[in-house]
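Below is one structure, written out as structure tokens; comments come after it.
Chain letters run A, B, ... following the sequence lines, proteins first and then strands; every chain starts at 1.
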Protein chains: 2
Amino acid sequence: MPEQTAGSSRPTLEAVAARAGVSRATVSRVVNGGAGVRQALVDKVREAVEELGYVPNHAARSLVTRRHGAVAVIIAEPEFRIFSDPFFEQQVRGISRELTAHDAQLVLLWVEGPGDHGRIARYLDGGHVDGALAFSLHSDDRLPALIARSSVPTVFGGRPAVGSGPAVPYVDCDNRGGARQAVRHLVDLGRRRIAHLAGPRDQTSALDRIAGYHDVLVDADPELLCQGDFTRESGARAMAELLDRRPDVDAVFASNDLMAAGALRTLRERGIRVPEDIAVVGFDDMDSVVRDTEPALTTVRQDIEGMGRLMVRLLMRVLDGAADAASASVITSTSLVRRASA
Amino acid sequence: MPEQTAGSSRPTLEAVAARAGVSRATVSRVVNGGAGVRQALVDKVREAVEELGYVPNHAARSLVTRRHGAVAVIIAEPEFRIFSDPFFEQQVRGISRELTAHDAQLVLLWVEGPGDHGRIARYLDGGHVDGALAFSLHSDDRLPALIARSSVPTVFGGRPAVGSGPAVPYVDCDNRGGARQAVRHLVDLGRRRIAHLAGPRDQTSALDRIAGYHDVLVDADPELLCQGDFTRESGARAMAELLDRRPDVDAVFASNDLMAAGALRTLRERGIRVPEDIAVVGFDDMDSVVRDTEPALTTVRQDIEGMGRLMVRLLMRVLDGAADAASASVITSTSLVRRASA
DNA sequence: TACGACTCTGGGAGCGCTCTCAGAAGGAGC
DNA sequence: GCTCCTTCTGAGAGCGCTCCCAGAGTCGTA
């Protein structure tokens with residue numbers, strides 16, 4: 001960072017105190033809520049603050065309070081999926097809103113590459129932020145462990161893989177229960193050869209959804225389980241492979257909406273009717289995906305923005321000491337949204 | 001923000017100095033680069049830093065240096081388009097990368113609503129960041145003026161509307177030149193009734209593209225100019241209206257890819273062939289949009305991530321005093337990417 | 001009227017760091 | 001061997017704020 005251009009030096013507490021004819025301590029009290037100060041003085045100080053355009057110096061304040069009023073959001077996804085998977089957009093929006101409500105700032109930390117974890121750890125340990133929010137990613141990711149080892153309280157979005165480090169609080173939706181809802185719906189429609197387009201095996205959300213699929217279809221034919229990676233392309237490809245292998249399939253539960261959209265593309269290309277020939281259910285209820293599918297996608301809805309907000313609330317409780325790491329995680333419920341595709 | 005949980009108190013400069021058997025000043029010098037310190041002492045200090053796990057206290061440092069190593073990114077879009085329009089994603093990615101290279105942090109400020117500008121202004125004046133990056137939005141937006149009035153050097157992404165406040169440096173692509181490229185290409189293809197699906201009139205990028213369109217088609221029939229708002233839906237709608245009004249149209253230049261994608265949808269629904277009956281050109285070369293259109297979209301490419309990086313570089317130069325507000329703006333060039341749609 | 005019990009206010013220390021400035025150490029030149 | 005210059009180092013002040021603690025002021029009660 002370059003030098004700061006010499007900004008006009010702003011008024012200090014001292015100046016306000018002089019103007020109002022009181023001491024620094026009194027001004028400080030007023031600025032921080034005014035408890036225990038006579039109303040007349042409060043007014044006088046407020047006036048002086050107004051006239052001088054006083055704004056507290058944040059660095060000085062946090063030097064003594066050891067609080068920063070800022071929370072880091074750590075994004076460790078490989079670049080291509082970051083925001084294009086609208087998941088993050090919504091989650092970050094919820095986080096941003098809730099942080100604003102708590103009068104805290106959002107500092108975005110973006111992992112630039114595999115060698116970049118050190119920078120993140122250093123930043124967290126540097127005492128810039130009061131807490132951190134991170135997204136649980138791949139089970140082989142070093143990040144959760146690194147973060148947990150840092151001195152900064154952290155809440156995860158998505159359940160971290162078991163064994164990826166010490167217990168950390170997280171917010172996640174009921175992936176397994178949601179998957180059960182989806183598959184039961186297909187069963188209720190009378191479908192009998194229900195396939196699952198699974199998400200990547202190193203993410204707990206994908207694994208939980210597979211587990212939910214098996215909860216309902218205990219004896220599911222392994223041939224009906226196809227591997228994808230949460231991208232639209234992988235959904236299209238997995239669907240194609242599935243059709244080649246098992247042309248008799250009559251329903252598909254995709255692990256997310258993007259893969260479901262890919263599957264729909266393949267089905268359309270092959271002239272297979274949805275839902276008449278094959279019913280399709282997604283997961284997420286991603287507005288920007290669901291809006292454009294043909295036919296409209298039946299899917300499992302999770303409240304992603306709400307989860308973002310919950311992450312912040314949970315973090316605040318941890319910072320307050322009102323919640324502790326191991327026991328405080330939050331699981332949100334899902335609901336099936338019925339549209340045309342199933 | 002709640003109280004910070006009592007973190008284990010971290011070692012200070014003092015502690016490192018004691019450990020290494022030198023003074024605080026010497027440790028400070030070493031930590032900040034080690035210039036003018038004998039190698040033997042440098043090694044000794046480095047060792048002590050390592051052993052104690054010393055990390056400088058940021059608040060204390062910026063209290064005296066008046067630098068923060070942080071830059072605010074201000075996002076003032078109405079929520080729905082924020083990241084879903086991948087424009088922001090790419091721009092923010094470029095910004096993030098370049099800030100990392102400059103060892104600066106990204107603080108994300110998100111305008112939550114019309115009444116929220118005060119909070120942003122207060123934050124900027126609060127001296128948390130060295131500079132700010134903002135996106136030029138609607139000409140009636142109060143934000144640019146507010147930001148310009150704050151004490152924080154700011155660079156805009158996109159040319160701010162004239163009269164929206166004092167001159168500020170900005171980074172933008174050559175919207176007008178890009179539009180000319182697009183329209184000339186259509187002319188070169190032999191198209192004669194070339195329509196323009198324009199973006200919102202309160203954004204300079206849309207206006208500049210309209211101007212570029214008119215540069216080439218000086219006598220363009222006003223009926224061929226349709227209004228949209230940069231969304232996919234508006235593109236679909238505008239295309240439909242255009243077809244109703246002027247069924248003889250043989251080419252369309254859309255002000256962005258999203259609108260072009262909407263137009264393609266309408267054309268497909270009506271059974272009109274692209275490019276045989278109507279050629280379509282977009283603007284942006286948004287990967288996530290372009291990837292899925294049918295047929296593949298010919299468009300004007302702008303290097304959005306690069307523009308993000310340039311914004312940071314420009315800001316750094318302003319902070320260095322090497323560039324001043326009025327004269328330093330950067331205009332990047334565009335190029336036509338030929339695919340199937342025109 | 002006097003005294004104790006509160007309520008307010010201000011002085012002062014100190015958070016951890018940087019940076020100036022003076023003095024110590026080391027080397028060169030005579 | 002002594003002086004002068006250069007290179008390093010450390011003492012100390014101070015950034016702007018909070019918060020502890022002591023003292024001043026106010027009020028009610030005996």
Side-chain angles (χ1 to χ4, degrees), chain A residues 1 3-4 6-46 48-49 52-69 125-128 130 151, chain B residues 1 3-4 6-46 48-49 52-69 125-128 130 151:
Chain A
M1 288 291 299
E3 301 289 317
Q4 170 83 297
S8 55
S9 70
R10 296 190 334 231
T12 68
L13 255 201
E14 193 84 47
V16 177
R19 177 90 174 208
V22 298
S23 75
R24 237 170 36 242
T26 299
V27 177
S28 174
R29 283 187 199 103
V30 172
V31 169
N32 291 293
V37 178
R38 217 178 341 133
Q39 190 55 43
L41 281 196
V42 171
D43 295 343
K44 209 149 56 168
V45 170
R46 291 252 161 83
V49 165
L52 269 51
Y54 169 75
V55 183
N57 179 309
H58 186 254
R61 178 179 277 173
S62 66
L63 177 58
V64 27
T65 60
R66 285 146 194 296
R67 254 172 293 139
H68 304 90
D125 282 327
H128 300 68
D130 299 321
S151 49
Chain B
M1 291 287 301
E3 300 290 317
Q4 170 83 296
S8 56
S9 68
R10 295 187 337 228
T12 67
L13 254 201
E14 192 84 47
V16 177
R19 178 91 175 208
V22 298
S23 76
R24 239 171 33 244
T26 300
V27 177
S28 173
R29 284 187 197 101
V30 172
V31 168
N32 292 293
V37 179
R38 216 178 342 134
Q39 190 55 44
L41 279 196
V42 171
D43 294 343
K44 207 147 60 164
V45 171
R46 291 251 163 85
V49 165
L52 267 50
Y54 169 76
V55 183
N57 179 309
H58 184 255
R61 179 178 276 175
S62 64
L63 178 57
V64 28
T65 60
R66 283 145 196 295
R67 254 172 293 140
H68 304 89
D125 282 327
H128 301 69
D130 299 321
S151 50

Distance, rounded to the nearest Å, where [X] contributes [atom1] and [N] contributes [atom2]:
| X | N | atom1 | atom2 | result |
| --- | --- | --- | --- | --- |
| Asn32(A) | dC19(D) | CG | P | 7 Å |
| Leu63(B) | dC17(C) | CG | P | 12 Å |
| Asp125(B) | dG16(D) | CG | C1' | 17 Å |
| His68(B) | dC17(C) | NE2 | C1' | 14 Å |
| Arg10(B) | dG16(C) | CZ | C1' | 10 Å |
| Gln39(B) | dT9(D) | CD | C1' | 16 Å |
| Glu14(A) | dC15(D) | CD | C1' | 12 Å |

Are Ser28(A) and dT18(D) close enough that a side-chain N or O sits under 4.0 Å from OP1 or OP2?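 Result: yes.
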Side chain to side chain contact (heavy atoms under 4.5 Å, CB included) with [X]: which residues, sequence neighbours excluded?
| X | result |
| --- | --- |
| Asn32(A) | Ser28(A), Arg61(A) |
| Ala15(A) | Pro11(A), Thr12(A), Leu52(A) |
| Val55(B) | Asp125(A) |
| Arg46(A) | Val30(A), Val42(A) |

Side chain of Arg67(A) - closest among dC17(C), dC19(D), dC17(D):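 Per side-chain heavy atoms of Arg67(A), the pick is dC19(D).
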From Ser62(B) atom OG to Asn57(A) atom CG, the distance as rounded to the nearest 0.5 Å: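 Reported to 0.5 Å precision, the distance equals 7.5 Å.
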Output the distance between atom NE2 (His128(A)) and atom NE2 (His128(B)), rounded to the nearest 0.5 Å.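 These two atoms lie 13.5 Å from each other.
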Those residues that, when tested against Thr26(B), pass side-chain hydrogen bond (donor to acceptor under 3.5 Å, both in side chains) (two or more places apart):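 Thr26(B) satisfies side-chain hydrogen bond (donor to acceptor under 3.5 Å, both in side chains) with Ser23(B) only.
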Could I get the full list of salt bridge (Lys or Arg N to Asp or Glu O under 4.0 Å) partners for Arg19(A), not counting sequence neighbours?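 So Arg19(A) forms a salt bridge (Lys or Arg N to Asp or Glu O under 4.0 Å) with Glu51(A).
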Of all heavy-atom pairs between Val31(B) and Pro56(B), which one has the smallest distance, and what is that distance?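 Where Val31(B) meets Pro56(B) most closely, the heavy atoms are CG1-CG, 3.9 Å.
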So which atom in Val27(A) and which in Ala17(A) form the shortest heavy-atom distance, rounded to 0.1 Å?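 Here Val27(A) and Ala17(A) meet closest at CG2-CA, 3.5 Å.
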Applying salt bridge (charged side-chain N to carboxylate O under 4.0 Å, His left out) as the test, list every pair that has at least one member in residues 22-36 of chain A; sequence neighbours left out.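 Residue pairs with at least one partner in residues 22-36 of chain A: Glu14(A)-Arg24(A).
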How bent is the helix from dT1(C)-dA30(D) to dC30(C)-dG1(D), comparing axes over its five end pairs at each side, to the nearest 10°?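 The end-segment axes of the helix from dT1(C)-dA30(D) to dC30(C)-dG1(D) are tilted 50° relative to each other.
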Could you go through nucleotides 4-7 of chain C and list every protein N or O atom that sits under 3.5 Å from one of its N or O atoms, giving the distance for each pair?
none

Pairs under 3.5 Å (N/O, protein and nucleotides 23-28 of chain D):
none

Are any protein N/O atoms closer than 3.5 Å to N/O atoms in nucleotides 10-12 of chain D? If there are, list each pair with its distance.
unit_1  : atom_1 : unit_2   : atom_2 : d
dG10(D) : OP2    : Ser23(B) : N      : 3.0
dG10(D) : OP2    : Ser23(B) : OG     : 3.3
dG10(D) : OP2    : Thr26(B) : OG1    : 2.8
dG10(D) : O6     : Arg29(B) : NH2    : 2.6
dG12(D) : O6     : Arg24(B) : NH2    : 3.4

Is a side-chain N or O of Asp130(A) found less than 3.5 angstrom from the main chain of His68(A), in a donor-acceptor match?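 Yes, Asp130(A) side chain to His68(A) backbone: donor-acceptor pair under 3.5 Å.
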Within residues 52-61 of chain B, residues whose heavy atoms come under 4.0 Å of DNA chain D: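 Contacts with DNA chain D under 4.0 Å: none.
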